[in-house]
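One-based numbering along the sequence shown. What you are looking at is a predicted structure, and each value in this text was computed from that prediction instead of being measured.
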Amino acid sequence: MIRSTFTAIAVALGVGTFAGLSLAEPEKEVKLTGTLMCGKCSLKMTPKCSNALQVKDGDKVVTYILDDKGNGETYHEGVCGDGKIEGVVVTGTVTEKDGKKMVKASKVELPKK
């Protein structure tokens with residue numbers, strides 16, 4: 001009787017352990033096209049200069065803060081202050097932090113001049 005009780009407990013713990021495992025899908029990369037702006041200077045969304053992409057989604061505009069080197073990126077010079085670059089394509093994974101949409105960019109493509 002004791003042996004079967006221990007077996008039942010071991011099985012229950014094992015099932016509970018497997019049930020607690022997360023089978024979440026890996027993050028998918030998305031491609032976003034929009035207007036690149038400074039998150040601090042133009043949009044007043046971040047405390048330091050950063051890169052933000054505004055994308056039209058139907059009749060709304062969604063702003064994504066790029067998770068990159070901020071003003072250390074070569075393309076930031078064109079947006080710092082009140083500048084903007086239209087037609088920028090950002091490929092990366094989207095998350096949300098502190099109520100803001102973030103994109104970890106694997107690729108940033110500026111329009112050809």
Next on the checklist: Quick check against the 3.5 Å criterion: does K48 have a side-chain atom that pairs as donor or acceptor with the backbone of G70?
Outcome noted: no

Item to check | Heavy-atom closest contact (S42 atom, D82 atom, distance) | outcome: OG-OD1, 3.5 Å

Checklist entry - Does a side chain donor of either Q54 or T63 reach within less than 3.5 Å of an acceptor in the other side chain? => result yes

Item to check | Hphob cluster co-occupancy, L110 + Y64, side-chain heavy atoms under 4.5 angstrom | outcome: yes

Checklist entry - Under a single-linkage definition using a 4.5 Å side-chain heavy-atom cutoff for Ile, Leu, Val, Met, Phe, Trp and Tyr, are L53 and Y75 assigned to the same hydrophobic cluster? => result yes

Checklist entry - How far does CD1 of I65 sit from CD of E96, to the nearest 0.5 angstrom? => result 12.0 Å

Next on the checklist: Is there a continuous path of hydrophobic side-chain contacts, each under 4.5 Å between heavy atoms, that joins V94 to L36?
Outcome noted: yes

Next on the checklist: Can you tell me how far apart CG (D68) and OG (S50) are? Round to the nearest 0.5 Å.
Outcome noted: 8.0 Å

Checklist outcome for this item: Between L43 and A52, the two heavy atoms sitting closest are CD1-CB, 3.6 Å

Item to check | Path from V88 to L32 over hydrophobic side-chain contacts below 4.5 Å | outcome: yes

Checklist entry - Can I85 be reached from V89 by stepping across I, L, V, M, F, W or Y side chains whose heavy atoms are under 4.5 Å apart? => result no

Checklist entry - How long is the span from the CD atom in E86 to the OG1 atom in T35, to the nearest 0.5 Å? => result 4.5 Å

Checklist entry - If every non-hydrogen atom of C80 is compared with every non-hydrogen atom of C41, which pair is closest and at what distance? => result SG-SG, 4.0 Å

Next on the checklist: For the CE atom of M45 and the CE atom of M37, what is their distance to the nearest 0.5 Å?
Outcome noted: 10.5 Å

Checklist entry - Tell me, do E29 and S106 make a side-chain contact under 4.5 Å, heavy atoms counted? => result yes

Checklist entry - Using a distance-only test with no angle check, is there a side-chain donor-acceptor pair under 3.5 angstrom linking H76 and N51? => result yes

Next on the checklist: Can you confirm whether more than 12 heavy atoms, excluding those of E77, are under 6.0 Å from its CD atom?
Outcome noted: no

